[in-house]
Amino acid sequence: MTVSNSKQSATCGAWPSPISAAIVAAGAAPLSQVALDGADVCWLAGRASEGGRTTLLRQRGADVVELTPAPFNVRTRVHEYGGGALLVADGVAYFSNFADNRLYVTSDADTSTAPVALTAEGTRRYADFVLDRARQRLISVCEDHAGAGAGASYPVNTIDAVGLDGVQTVLVAGSDFYAAPRLSPDGSQLAWLSWNHPRMPWQGTELWLADVDAAGSLANARLVAGGVDESVCQPEWSPAGVLHFVLDRSGWWNLYRLAATGAGVAVQPLCQRAAEFGMPHWSFGDSTYGFRSDEEIICTYIENGISRLAQLSCATGKLQPIANPYQEIRHLRVAGSVVAFLGGAPTIPVELARMDLYTGEHEVLARSIHELPDEAGLSVPENISYPTSGNRMAHAFYYPPRNAQYQAAPAAKPPLMVISHGGPTSMATNTLKLATQYWTSRGFAVLDVNYGGSSGFGRAYRDALKGQWGVVDVDDCVAGARYLVQRGTVDADRLVIRGGSAGGLTTLCALTFHDLFKAGASYYGVSDLKGLDQDSHKFESHYNDYLIAPQPEAETLYLLRSPINHADQLKRPMIFFQGLDDKVVPPPQSEVMVNALRTAGVPVAYLTLEGEGHGFRKADSIVRTLEAELYFYRRVLNIEWSDTSGSGPSAPEPLARIAIDNLPETA
């Protein structure tokens with residue numbers, strides 16, 4: 001570690017930082033679901049200061065107009081993870097309102113008029129809309145919760161037509177799940193995705209195509225791609241009416257189209273490459289490509305954890321890179337020469353960018369963080385790969401501690417925080433996040449791990465977690481920490497691990513079954529696999545068949561891998577955070593573990609948050625949890641203030657104290 005004479009030395013983990021928890025919360029303005037309507041760009045923006053409400057914004061010339069004022073909250077809970085809550089077309093916005101699950105419509109011609117309800121009150125939820133102009137209706141994924149929760153009953157999923165007069169008709173039914181209804185440009189054909197238990201959509205999905213008659217009914221439905229062992233995502237129609245999609249037939253999510261042949265139609269690859277042009281369907285509305293013309297596609301793809309932007313020639317399969325400053329690109333939308341997307345990079349937070357492919361003009365329309373810290377104090381991650389169990393290589397982003405004013409003493413090494421992401425079929429990216437810089441600016445090193453099972457590295461890498469959840473993911477986090485210790489980068493006596501949701505199970509297993517980490521934090525994490533099956537929502541109710549094993553074989557593995565069954569082996573301090581409205585990982589998953597540790601005499605802290613679900617959206621929740629976690633680590637790792645002589649920090653950072661059971665209080 002290079003020591004600059006212009007910086008003061010201080011204890012790692014105790015550096016004064018300009019990035020407070022309040023600044024992190026103020027910067028928690030997530031952007032999502034980009035849409036193009038003519039020359040205008042529309043998008044959703046989260047507002048932590050308004051209780052986590054999500055609102056619809058539209059760029060109109062030089063102005064940005066809000067189309068959904070409070071209390072409207074543009075969000076859906078189809079599959080619980082939602083997404084796809086918005087459609088904008090012809091100056092009109094259609095959206096799902098979170099409070100009542102109803103569809104609303106609003107025109108941006110008169111923003112003084114409140115949105116009007118399109119559907120009636122009831123038990124239905126909606127997502128992933130397409131406008132059928134000729135028939136004056138929306139086509140949508142519908143999830144009906146009438147009778148759900150009674151015994152083993154689940155909601156019923158269908159594809160419905162919702163007339164602009166409010167009349168609703170079921171178009172497609174019979175499968176457990178549906179996504180991406182897409183109408184051909186002339187309105188004569190409808191494509192959609194479906195899949196059934198026990199598969200998740202990144203395991204096996206089917207792409208269907210049907211004819212649409214003059215009355216709007218479907219006929220001649222046929223399976224055109226995918227199956228039980230192939231994953232299809234994002235069907236889209238070219239301007240000429242050719243169906244395109246992303247398929248992982250080669251082991252990578254690559255672009256294909258349905259090509260006419262003498263014998264009918266065939267699945268034709270457009271660009272075979274060891275890269276991911278798609279992503280797991282955790283939520284609706286994702287987009288990785290669009291059409292500049294019939295034979296030109298603008299697309300984003302991931303190689304080695306980094307996103308690229310390119311133009312693809314459908315005739316030659318050649319990718320032409322498009323210069324841009326981003327290393328994470330998502331929610332890509334294309335309309336002629338105009339491209340809009342969300343992009344981020346190590347020194348760029350997620351921002352909404354608009355590019356003109358003719359002029360090369362690049363405009364930033366919105367940022368998730370409005371006031372950026374001094375770049376001199378930002379930690380820029382290193383993309384690393386390292387050996388792990390099973391003769392595999394794992395991948396991660398390593399963030400060294402960084403502060404514009406402070407540094408470690410020459411012989412000192414920083415504490416390491418290992419982050420295990422959720423999903424577990426998700427991925428860590430290197431986009432600038434204040435929540436990560438909160439730690440690095442205080443003298444923590446951070447390792448954000450893309451363990452086996454993560455997306456972005458091909459199907460074989462995802463399938464490394466098949467039957468191995470709680471093993472491979474844990475091994476990769478442990479191996480990453482050991483790799484940095486052996487490299488001489490971090491303090492072997494101050495290693496901590498944190499994770500949320502599925503990453504919470506990884507965290508708990510790492511602390512229970514390995515003796516490496518000194519403490520951990522679980523955010524709405526899984527502790528009891530059997531209990532998860534019993535409490536889980538429909539979308540993930542059979543996910544453990546893949547991650548662990550089908551029943552009844554899973555029973556023994558549940559006992560072996562559930563931390564709650566081995567609480568006597570967990571001797572390290574833990575802090576738990578839990579939203580009381582969480583339907584994905586309900587509160588008992590945290591409570592049983594907290595109570596077991598309290599009884600065993602292990603230092604443990606537990607913070608519950610009213611009105612929060614799976615993931616915290618409110619500003620005060622973000623502040624409380626960050627400050628509590630920092631206070632917890634400083635207590636249990638004995639991170640002390642190095643001096644009061646003027647050569648380092650003169651006073652501890654003011655943090656709200658929290659109760660840590662089984663740990664003596666200090667002054």
| task | State, without any angle test, whether Ser287 and Gln234 hold a side-chain donor-acceptor pair at a distance under 3.5 Å. | result | yes
| field | Main-chain N/O of Arg308 paired with Glu303 side-chain donor or acceptor, under 3.5 Å | value | no
| query | Between Lys433 and Glu328, is there a side-chain N and carboxylate O pair less than 4.0 Å apart? | reply | no
| request: Could you grab the distance from atom CG of Asn196 to atom CD of Glu206, nearest 0.5 Å is fine? | output: 7.0 Å
| field | Side-chain ion pair, Asp475 and Arg392, N-O less than 4.0 Å | value | no
| message | Test your reading of the model: is there a side-chain donor-acceptor pair from Trp195 to the backbone of Val228, 3.5 Å cut-off? | response | no
| message | Donor-acceptor check, side chain of Glu236 to backbone of Arg182, threshold 3.5 angstrom: yes or no? | response | no
| field | Under 3.5 Å side-chain donor-acceptor pair for His421 and Ser454 | value | yes
| request: Indicate yes or no: does Asp515 engage Arg572 in a salt bridge with an N to O separation below 4.0 Å. | output: yes
| field | Least distance between heavy atoms, Ala191 atom then Leu207 atom | value | CB-CD1, 4.3 Å
| request: Indicate, with yes or no, if the rings of Phe444 and Tyr438 have centres closer together than 6.0 Å. | output: no
| said: Under a 4.0 Å threshold between the charged nitrogen and the carboxylate oxygen, would Arg199 count as salt-bridged to Asp229? | reply: no
| Do Asp128 side-chain atoms and Gly84 backbone N/O form a donor-acceptor pair below 3.5 Å? | no
| query | So do the side chains of Leu434 and Pro349 get within less than 4.5 Å of each other, counting heavy atoms only? | reply | no
| request: Starting from the C-alpha separation in whole Å, work towards a yes-or-no answer on ring-ring contact (aromatic ring centres under 6.0 Å, His included) for Phe284 and His79. | output: CA-CA 9 Å; Phe284 296 93; His79 296 178; 4.8 Å; yes
| query | Quick one: does Asn254's side chain have a donor or acceptor within less than 3.5 Å of a partner on Ala275's backbone? | reply | yes
| query | With distance as the sole test, does Gln203 use its side chain to make a donor-acceptor pair with the main-chain N or O of Met200 at under 3.5 Å? | reply | yes
| Can any side-chain N or O of Asp473 pair as donor or acceptor with the backbone N or O of Gly470 at less than 3.5 Å? | yes
| message | Could you measure the distance from the CG atom of Leu193 to the OH atom of Tyr178? Nearest 0.5 Å is fine. | response | 11.5 Å
| query | Is it true that a side-chain atom of Ser194 and a backbone atom of Ser175 form a donor plus acceptor pair closer than 3.5 Å? | reply | no
| Test item: Pro563 and Leu570 side chains (from C-beta on) under 4.5 Å apart, heavy atoms | no
| Distance-only side-chain donor-acceptor flag, Trp253 / Ser231, under 3.5 Å | yes
| So, Arg624 and Glu612, do they make that salt bridge, N to O below 4.0 Å? | no
| task | Report yes if some heavy atom in the side chain of Pro346 is under 4.5 Å from a heavy atom in the side chain of Thr431; otherwise report no. | result | no
| request: Step through it carefully: locate the ring centre of His395, locate the ring centre of Tyr386, and say whether they are under 6.0 Å apart. | output: no
| query | What distance separates Tyr523 OH from Leu609 CG, expressed to the nearest 0.5 Å? | reply | 9.5 Å
| Any side-chain heavy-atom pair of Leu607 and Ile658 under 4.5 Å | yes
| said: ring-ring contact (aromatic ring centres under 6.0 Å, His included), that's the test. Do Trp202 and Tyr543 meet it? Break it down for me. | reply: CA-CA 11 Å; Trp202 46 89; Tyr543 195 12; 5.6 Å; yes
| field | Shortest non-hydrogen contact from Asp533 toward Ser541 | value | OD1-O, 4.1 Å
| field | Asp491 bridged to Lys518 by N-O distance under 4.0 Å | value | no
| task | Kindly indicate whether the side chain of Arg257, heavy atoms from C-beta on, has any atom under 4.5 Å from the side chain of Phe245. | result | no
| remark: Output for pair (Arg75 CZ, Arg77 CZ), nearest 0.5 Å, gives 7.0 Å
| request: For residues Trp252 and Arg273, determine if any side-chain heavy atom of one lies less than 4.5 Å from a side-chain heavy atom of the other. | output: no
| request: Kindly determine whether Phe397 and Asn383 satisfy side-chain contact (heavy atoms from CB on, under 4.5 Å), including the steps that lead there. | output: CA-CA 5 Å; Phe397 294 108; Asn383 194 347; 3.8 Å; yes
| Would you call Lys538 and Glu143 a salt bridge, using N to O less than 4.0 angstrom? | no
| request: Measure the shortest side-chain to side-chain distance between Arg330 and Thr288 over non-hydrogen atoms and say whether it is less than 4.5 angstrom. | output: no
| task | Could you please spell out the steps behind the side chain to side chain donor-acceptor pair (under 3.5 Å) verdict for Tyr606 and Asn595? | result | CA-CA 10 Å; Tyr606 184 39; Asn595 291 332; over 6 Å; no
| message | Quick one, Ser420 with Tyr451, criterion side-chain contact (heavy atoms from CB on, under 4.5 Å). Give me CA distance, side-chain angles, the key distance, then yes/no. | response | CA-CA 8 Å; Ser420 54; Tyr451 47 75; 4.2 Å; yes
| Aromatic ring centroids of Tyr633 and Trp439 under 6.0 Å? | yes
| request: Decide yes or no for Tyr81 and Phe539: does some side-chain heavy atom of the first lie under 4.5 Å from some side-chain heavy atom of the second? | output: yes
| field | Check: Gln327 side chain, Ser307 main-chain N or O, donor-acceptor pair, under 3.5 Å | value | no
| query | After noting the C-alpha distance and the side-chain angles of Tyr256 and His244, does the key distance pass the ring-ring contact (aromatic ring centres under 6.0 Å, His included) rule? | reply | CA-CA 6 Å; Tyr256 291 76; His244 291 64; over 10 Å; no
| For Thr300 and Phe341, what are the C-alpha separation, side-chain angles and deciding distance, and is it a side-chain contact (heavy atoms from CB on, under 4.5 Å)? | CA-CA 10 Å; Thr300 180; Phe341 56 84; over 6 Å; no
| Cationic tip of Arg487 above Tyr398 ring, under 6.0 Å, 45° of axis | yes
| task | Could you tell me the separation between the CD1 atom of Ile548 and the OG atom of Ser562, rounded to the nearest 0.5 Å? | result | 7.5 Å
| query | What heavy-atom pair brings Pro400 and Ser379 nearest, and what distance separates the two atoms? | reply | O-OG, 2.6 Å
